[in-house]
There are 2 protein chains.
Amino acid sequence: MSWQFRLGSRARASPLRASVTRPNGLLLRPTALAGGLSAWSKSAPIMTRTQSTVSGKGLTLDNINQNVRAAKYAVRGELAVKAEEYRSRLTKGDKSLPFDSVIFANIGNPQQLDQKPITFFRQVLSLVENPLLLENPEALKNSFGYKQDVIDRAQALLADVRSVGAYSHSQGAPGIRNSVAKFIENRDGFPANPQDLFLTAGASSGVSTLLNVICDNPSAGVLVPIPQYPLYTATLSLLNARCVPYLLDEQKAWGTDIQVIEKSVADAKAEGTNVRSIVVINPGNPTGASLSADDIKQVIDIAAKEKLVIIADEVYQTNVFTGEFVSFKKRLRQLQQEFPGKYDNVELVSLHSTSKGMVGECGHRGGYFELVGFDPLVQEQIYKLVSIGLCPPVVAQCLLETMVNPPQKGDPSFETYQKEYSGIEGGLHKRALALYHAFQRMEGVECQEPQGAMYLFPTIHLPTKAVEAAEAEGRAADEFYALALLDATGVCVVPGSGFGQKPNTLHFRTTFLAPGTDWVERIVKFHSEFMSKYGGLNKAQL
Amino acid sequence: MSWQFRLGSRARASPLRASVTRPNGLLLRPTALAGGLSAWSKSAPIMTRTQSTVSGKGLTLDNINQNVRAAKYAVRGELAVKAEEYRSRLTKGDKSLPFDSVIFANIGNPQQLDQKPITFFRQVLSLVENPLLLENPEALKNSFGYKQDVIDRAQALLADVRSVGAYSHSQGAPGIRNSVAKFIENRDGFPANPQDLFLTAGASSGVSTLLNVICDNPSAGVLVPIPQYPLYTATLSLLNARCVPYLLDEQKAWGTDIQVIEKSVADAKAEGTNVRSIVVINPGNPTGASLSADDIKQVIDIAAKEKLVIIADEVYQTNVFTGEFVSFKKRLRQLQQEFPGKYDNVELVSLHSTSKGMVGECGHRGGYFELVGFDPLVQEQIYKLVSIGLCPPVVAQCLLETMVNPPQKGDPSFETYQKEYSGIEGGLHKRALALYHAFQRMEGVECQEPQGAMYLFPTIHLPTKAVEAAEAEGRAADEFYALALLDATGVCVVPGSGFGQKPNTLHFRTTFLAPGTDWVERIVKFHSEFMSKYGGLNKAQL
């Protein structure tokens, strides 16, 4: 490939403009972060100038937008690229690798692995893609098992969008937004207005839209949980805005700690950061944590006090194993009922997606966000911004509609839908537990019990010699470990440094989507050999 | 609706950060542009602060990102919103309007109007959406007329992407990029490398990616043709970069004039603009112009001399009525052969899309861009940037594959494909000519003969009284005219000010996609009445 990720010497000489506020309140630029001290140091692979640039070109590494250069995104970084190369070699019959398959546990991409799409969804989509099929409903039923509700749904969607090949309204087709509003009402018990809904090409594009509007200048700051999904820090880098990190508490199942958030806000303000917004990922990515109603109230309280826009990333809302998902919107509306007037100024965005849950339709790029409590004049600007991109993919809008409005009891497709949905749900939980139990068997690995989402994020304690070997290569120790794991087993995970982590801790994120248990055993065996190779843990670590 | 576009008093008191370099070389901010003097004054509706902002909110019109506020996008602005309201009223049975249908001639959205999708494309997409259909190929053939090549193609695409519900490679699925590379090779007679191809969610997202990388600071400037598709100026506003306009020559069929471009570059440099790139839309939007091989060479020459990245927006490359489309890539490769060494430093991006041509699949959001001559280290950064957004919609990638690799002579689906394709092509040309001839009949309207794309962009000369009436409403005269047209006839066009136009000229852009000729006659009748109402043209105008 002509592009490759490089590691090693960092671009310390180049000014990187994106800045990070450390948990202790010091505003630092990434280049100034010393080894081990910060959540951000030795982070994901960044691309560095390891060769002189081509002469005579208008664009060089040094004169492009340095915000782009500063952005980091480990999920598709060096490890993912290397894993893809291994996969390609195996496909071509290469027998020289010590494994026979690559396991992409780095990314929540269920249908790349074992997960089958839900039949109802895809039957409907096949009909909106080719409406000529609707001219022979009998053959659809007799030869392909399509039910009447599939046909009805496709016709209703086509009446709304006219053609999936036509641009829709910039916010998404009106009928589909009505369905989403009903879904939110049923979920929360409070009304939702289709005019406040913006359908998106996945949650990522929604986050980009919102941060673009919120971040008004380089002193603007956004509270981001650590660890976090790196979309947030990457987008803030692109916007030359400040990440104000707040650490999640691993010992309390990765919950939010309101005092930690308050301190982060105070420290950031003290150094001149204008804190505009707080991101909450619930259920958590990469942590899998699920917030309680009380946790959510505390976040809303601080948002009301500090006038922070709450960005509630709720894309894993159906991936909850223990307890019950509580949406920020529901909790806000409850508080507004309970304390009239007190929460009127709160601005909330809730994001959802077709990529996660039991749907897992990442490749379709669908989702929505709901604006709650926004100034109508600001909402107009958000409309204008999304209209420049024309509209989200219309097939994905149709998929979203089937996700929020699935077959109900009594509908012809209900039984199959229910069976498929439960099968996926049960499989995810089962694999999460299998992985969790495997981690319990591994020396120096600690892991919170799986609560939700698609990930586990265990702590790893590594032998001193391994940490030294990593340093000698100019790598973070967890990155060194993850790379060794990939090279030895074909299992691709993401080092904790790609998400941010508490100083002096190491983690990795793995999905629990891959089928079977063979790959879990590969990790167990590798880990044992790795620990032996580097002399095991010392007494203080045990 | 809770959001609405407002017109009237402009937000003159608010600092708008995006700036525009006038053709005469003066750097101006939009608020400082006086009436009629600039291509940018009295432009598309912008949203203005006509009511006080909601109290106590964190986000107000004045403290959001002012680059967002400054961005303008007329294609989906006030007129489009009003047209949508009329459509909605008609649907609900409202009989009070003076027309019985709304004609969306404001946007190149063929399938919202008459155009049927091409059967081969949609048959393939129905199978990739529901691969279970492939289990009964006989029924597909017998009951639905699917041919073997449809089935084969769907299977090949599924082998490449695994599932359209899985994320693909950030640049797009490898096999699909191979097909695109072959298409480019066949078109140009020069090789293309799949690793230099980035599949996109429509050309718009590609433009956003590229301008994000190119614009490194507020003094960065990008040459943009005037008139232009407003995506370019809107994106530059969002990036707080400078638009360096160069006027196209209406009298020379809207061609480029190299001396005009050179003067724009010189003027921009003189005032401290770092000119980084030149946008060329070929065939032109909104002009429909088609550039000759010589015109293209001149642009390449100036790009080589000034180290400008050429952004060749070639989404209308198959919509050419006269002559033959010449790609920038082909011309560049020819020049590199002819003059070894002289053009080695040229950096070119060519954008294409599934939304236009005879495909017209806007709602799918598909496309690609090809990088030519980029520094590999810069290309790495572009890869990283697109990877943050994960991947383009996979169904749209499959559609792109069928577009660049359609059935060939001898293939079972060829005849139908060919018939449908030619039918659309012929229909577009026929309607373009009908509209052109109608404009010839209209007093004070001048129009270049249709050459390509999906648009006509006639000049309109309006009576002095009409211009005064527009001024009294605080509107640009062409906007006033377009609004009157919509109110009287239901035909929605976009005023020329939304694209930029030479000082003291007025235009509008209309697509020629709508079926039939009734709507053309509505325009003719309205125009005649409008001219009479405002006292007709004076002698100097005739």
Side-chain angles (χ1 to χ4, degrees), chain A residues 1-3 47 53-54 56-61 63-65 68-69 73 76 109 111-112 117 122-123 125-126 129-130 136 139 143 162-167 170 195 201 204 213 215-216 234 307 309 345 347 361-363 365 375-381 383 385 387-390 393-395, chain B residues 1-3 47 53-54 56-61 63-65 68-69 73 76 109 111-112 117 122-123 125-126 129-130 133 136 139 143 163-167 170 195 201 204 213 215-216 234 307 309 345 347 361-363 365 375-381 383 385 387-390 393-395:
Chain A
M1 303 210 195
S2 65
W3 45 264
M47 286 163 237
T53 210
V54 181
K57 294 289 175 192
L59 293 184
T60 68
L61 202 53
N63 73 14
I64 61 167
N65 182 351
V68 171
R69 193 173 172 192
Y73 189 68
R76 294 199 158 204
N109 192 6
Q111 294 189 26
Q112 186 196 39
R122 295 300 197 88
Q123 285 179 332
L125 295 186
S126 68
E129 278 292 4
N130 188 11
N136 194 346
S143 302
R162 187 151 180 166
S163 163
V164 294
Y167 292 126
S170 305
Q195 287 159 19
S204 301
V213 171
C215 297
D216 61 326
K307 290 193 184 177
V309 178
N345 74 328
E347 293 148 286
E361 292 278 7
C362 309
R365 315 306 299 119
D375 183 329
L377 297 181
V378 172
Q379 200 154 328
E380 281 177 6
Q381 296 292 322
Y383 167 78
L385 181 56
S387 80
I388 296 169
L390 296 165
V394 178
V395 177
Chain B
M1 301 207 193
S2 65
W3 44 263
M47 287 163 236
T53 210
V54 180
K57 294 290 176 193
L59 292 185
T60 67
L61 202 53
N63 72 15
I64 59 169
N65 182 351
V68 172
R69 194 173 172 191
Y73 189 68
R76 294 198 159 203
N109 192 7
Q111 293 189 27
Q112 185 196 39
R122 295 299 197 90
Q123 285 178 334
L125 295 187
S126 68
E129 279 291 5
N130 188 13
L133 291 170
N136 194 346
S143 302
S163 163
V164 294
Y167 292 125
S170 305
Q195 287 159 19
S204 301
V213 171
C215 297
D216 61 325
K307 290 194 186 178
V309 178
N345 73 328
E347 293 147 285
E361 293 278 8
C362 309
R365 319 303 300 119
D375 183 328
L377 297 180
V378 171
Q379 200 154 329
E380 280 178 8
Q381 296 292 321
Y383 167 79
L385 181 57
S387 79
I388 296 171
L390 297 165
V394 178
V395 177

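In the text below, chain A, chain B and the rest are named by the order of the sequence lines, each starting its count at 1.
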Please report the closest heavy-atom contact between B/Ile388 and A/Ala234, naming both atoms and the distance.
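Heavy atoms of B/Ile388 and A/Ala234 come nearest at CD1-CB, 3.7 Å.
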Please give me the minimum heavy-atom distance between A/Gln381 and B/Arg69, naming the atom from each residue.
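Heavy-atom minimum between the residues: OE1-CA, 3.1 Å.
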For the interface with chain B, which of A/Val309, A/Val164, A/Val394 has the highest count of heavy-atom pairs at distances below 4.5 Å?
A/Val164
Residue, of A/Ala139, A/Ser143, A/Cys362, that accumulates the most heavy atom pairs under 4.5 Å with chain B:
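Of A/Ala139, A/Ser143, A/Cys362, A/Cys362 has the most heavy-atom pairs under 4.5 Å with chain B.
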From [X] atom [atom1] to [Y] atom [atom2], the distance as rounded to the nearest 0.5 Å:
X: A/Arg162; Y: B/Gln111; atom1: CZ; atom2: CD; value: 10.0 Å
X: A/Tyr167; Y: B/Asn109; atom1: OH; atom2: CG; value: 6.5 Å
X: B/Ile64; Y: A/Asp216; atom1: CD1; atom2: CG; value: 9.0 Å
X: A/Lys307; Y: B/Asn63; atom1: NZ; atom2: CG; value: 9.0 Å
X: A/Lys57; Y: B/Leu377; atom1: NZ; atom2: CG; value: 12.5 Å

Could you check which of B/Ser204, B/Ser163, B/Pro117 has the highest count of heavy-atom pairs closer than 4.5 Å to chain A?
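Heavy-atom pairs under 4.5 Å are most numerous for B/Ser163.
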Chain B heavy atoms under 4.5 Å from A/Ser126: which part of the residue, side chain, backbone, both or neither?
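For A/Ser126, backbone and side chain are both near chain B.
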Check each atom of B/Glu347 against the heavy atoms of chain A and say whether the ones under 4.5 Å are side chain, backbone, both or neither.
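Only the side chain of B/Glu347 comes within 4.5 Å of chain A.
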So, the part of B/Leu133 with a heavy atom under 4.5 Å from chain A: the answer is both
Can you name the side-chain hydrogen bond (donor to acceptor under 3.5 Å, both in side chains) partners of B/Gln123, sequence neighbours left out?
none
Does A/Asp375 reach the main-chain N or O of B/Thr60 with its side chain, forming a donor-acceptor pair under 3.5 Å?
no
Test side-chain contact (heavy atoms from CB on, under 4.5 Å) on A/Glu129 and B/Val395 and set out the steps.
CA-CA 10 Å; A/Glu129 278 292 4; B/Val395 177; 3.4 Å; yes
side-chain contact (heavy atoms from CB on, under 4.5 Å) assessment of B/Leu390 paired with A/Arg365
CA-CA 9 Å; B/Leu390 297 165; A/Arg365 315 306 299 119; 3.7 Å; yes
Would you please name every residue forming a side-chain contact (heavy atoms from CB on, under 4.5 Å) with A/Ser170, sequence neighbours left out?
A/Tyr383, A/Val386, A/Ser387, B/Arg76
